[in-house]
Engineer: 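Can you keep this structure in mind? I'll have questions shortly.
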Protein chains: 2
Amino acid sequence: MQPDAIDRKLLKLLQENSKQTNKELSLQLNLSVTAVYERIKKLEKTGIIHRYVAIVNKEKVDKGFVVFCQIKLVQHTKEYLTKFEKEVMALQEVMECYHISGEYDYLLKILVKDMAAFREFMVTKLTTLQHIGSTQSSFSINEVKCETVLKV
Amino acid sequence: MQPDAIDRKLLKLLQENSKQTNKELSLQLNLSVTAVYERIKKLEKTGIIHRYVAIVNKEKVDKGFVVFCQIKLVQHTKEYLTKFEKEVMALQEVMECYHISGEYDYLLKILVKDMAAFREFMVTKLTTLQHIGSTQSSFSINEVKCETVLKV
DNA sequence: GTTGAAACGGGGTCTAC
DNA sequence: GTAGACCCCGTTTCAAC
């Protein structure tokens with residue numbers, strides 16, 4: 001399914017605020033409520049809309065310290081990669097993990113309370129993972145942009 | 001406001017699926033519907049719940065190619081930093097941008113359709129920004145983990 | 001915190017255009 | 001695509017415990 005211009009605007013609105021009623025959406029889209037309803041259902045059925053979630057303010061729940069950590073493994077066999085990935089999946093501080101091209105193998109986005117919590121995470125969790133060669137961490141000094149809306 | 005154990009579980013449920021009814025939530029929390037309602041309102045009022053959004057499947061809207069780009073500016077005056085940040089804010093391909101510690105100044109998460117689209121983005125947008133010294137891009141080979149649920 | 005009731009309005013479906 | 005009517009049920013508020 002290929003979303004048309006109206007679908008794209010609808011996706012923008014729902015990505016910004018999924019609690020809007022179909023009536024509110026219909027006014028912004030110059031459509032009838034029924035048409036809005038059917039378009040949303042179609043976007044859900046095709047999987048373009050994956051799910052609906054609440055976004056939590058990370059500062060207010062003591063997760064305001066953002067660290068990006070690049071990791072190099074000692075070897076690159078499938079066994080090592082798979083094992084590492086499985087272990088990373090289980091770490092709740094790791095919000096994102098990508099196998100990447102370049103000098104390092106993985107890039108992790110880590111959310112913790114502060115530097116002390118990050119130290120604790122490094123010492124007790126990250127560096128205890130098997131097959132890790134080296135790591136290189138960068139701390140977020142300032143979050144310039146953090147967008148959840150995909151412009152489609 | 002400090003969320004208690006029930007609030008934390010409620011936050012987990014709402015971060016996973018914000019479309020659940022209060023009745024469904026009440027069953028999982030062993031609470032009355034009214035109590036769930038009041039807890040949610042409190043979490044919203046205190047700003048712990050920031051907003052509710054639809055999550056779009058990026059592959060289905062031609063944004064499945066993920067690139068992390070580290071950028072170094074030629075100078076680090078406030079003027080240069082501010083100008084760069086303002087320009088980055090306007091780029092819709094840039095989903096996230098952090099001012100970071102370390103060798104590079106900024107880390108950007110960029111979503112585009114494919115390598116050709118990234119090339120186009122680099123040539124026509126990123127490298128035309130003023131004051132950029134050098135860049136270093138890593139491409140996502142595999143998304144191991146991409147979590148939106150903050151464990152609180 | 002709980003239950004129960006009541007008012008309101010949106011979701012979802014259907015009919016007709 | 002539109003408008004209107006319909007029922008159901010979730011939200012929201014309230015009273016009483």
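None of these values were measured; they are calculated from a predicted model. Each chain gets a letter, A, B and so on, in the order its sequence line appears, and its residues count up from 1.
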Engineer: Is the shortest side-chain heavy-atom distance between A:Lys63 and A:Val112 below 4.5 Å?
Structural biologist: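 A side-chain contact under 4.5 Å is absent here.
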Engineer: Consider the side chain of B:Asp4, meaning its heavy atoms from C-beta on, and name the nucleotide among C:dG1, D:dT13, D:dG1 that approaches it most closely.
Structural biologist: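 Ranking C:dG1, D:dT13, D:dG1 by closest atom to the B:Asp4 side chain puts C:dG1 first.
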Engineer: Using atom NZ of A:Lys19 as one end and atom P of C:dG9 as the other, report the distance to the nearest whole Å.
Structural biologist: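 A:Lys19 atom NZ is separated from C:dG9 atom P by 18 Å.
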Engineer: Tell me which nucleotide among D:dA3, C:dG11, C:dG4 gets nearest to the side chain of A:Thr21.
Structural biologist: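 The answer is C:dG11.
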Engineer: Between C:dG1, D:dG1, D:dT12, spot the one nearest the side chain of B:Val33, thanks.
Structural biologist: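 Selected nucleotide (nearest to the side chain): D:dT12.
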Engineer: Nearest-Å distance, NZ (A:Lys23) to P (D:dA5)?
Structural biologist: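 Whole-Å distance recorded here is 13 Å.
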Engineer: Is any side-chain N or O of B:Asn22 closer than 4.0 Å to OP1 or OP2 of D:dT11?
Structural biologist: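 Result: yes.
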Engineer: D:dT12 P sits how many Å from B:Lys42 NZ, rounded?
Structural biologist: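 Checked: the NZ to P distance equals 17 Å.
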Engineer: When you check the phosphate oxygens OP1 and OP2 of D:dT12, does a side-chain N or O of B:Lys41 lie under 4.0 Å from one of them?
Structural biologist: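 Answer is yes, contact under 4.0 Å.
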Engineer: Kindly indicate whether the side chain of A:Phe65, heavy atoms from C-beta on, has any atom under 4.5 Å from the side chain of A:Ser140.
Structural biologist: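 No, every pair of side-chain atoms sits at 4.5 Å or beyond.
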Engineer: Taking the side chain of A:Ser32 as its heavy atoms from C-beta onward, which of C:dT2, D:dT2, D:dG10 lies nearest to it?
Structural biologist: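 Shortest atom-to-atom distance from the side chain points to D:dT2.
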Engineer: Please test A:Tyr52 against B:Tyr52 for ring pair (Phe, Tyr, Trp, His ring centres under 6.0 Å), starting from the C-alpha separation and ending with a verdict.
Structural biologist: CA-CA 7 Å; A:Tyr52 297 93; B:Tyr52 296 93; over 10 Å; no
Engineer: Please pick, from D:dG1, D:dT11, C:dT2, the nucleotide with the shortest atom-to-atom distance to any side-chain atom of B:Tyr37.
Structural biologist: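 Comparing D:dG1, D:dT11, C:dT2 against the side chain of B:Tyr37, the answer is D:dT11.
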Engineer: Using atom CD1 of B:Ile40 as one end and atom C1' of D:dT11 as the other, report the distance to the nearest whole Å.
Structural biologist: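 In whole Å, D:dT11 C1' lies 10 Å from B:Ile40 CD1.
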Engineer: Given atom CD of B:Glu44 and atom C1' of D:dT11, what is their separation to the nearest angstrom?
Structural biologist: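 Rounded to whole Å, this separation is 12 Å.
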Engineer: Determine whether more than 12 heavy atoms belonging to other residues, nucleotides or ligands lie under 6.0 Å from atom NZ of A:Lys125.
Structural biologist: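 Atom NZ in A:Lys125 is packed in, count exceeds 12.
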Engineer: Measure from OH on A:Tyr52 to C1' on D:dG10 and round the result to the nearest Å.
Structural biologist: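 Value for this atom pair: 17 Å.
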Engineer: Flag the pair A:Val56 / B:Gln15 as yes when at least one side-chain heavy-atom distance between them is below 4.5 Å, and no otherwise.
Structural biologist: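 Counting from C-beta outward, A:Val56 and B:Gln15 do come under 4.5 Å.
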Engineer: More 5' along DNA chain D: A:Arg39 or A:Thr34, using each one's nearest nucleotide?
Structural biologist: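 Looking at the nearest nucleotide for each, A:Arg39 comes out on the 5' side.
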Engineer: Report the distance from atom CD of A:Glu38 to atom C1' of C:dT15, rounded to the nearest whole Å.
Structural biologist: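 For the pair A:Glu38 CD and C:dT15 C1', the rounded distance is 13 Å.
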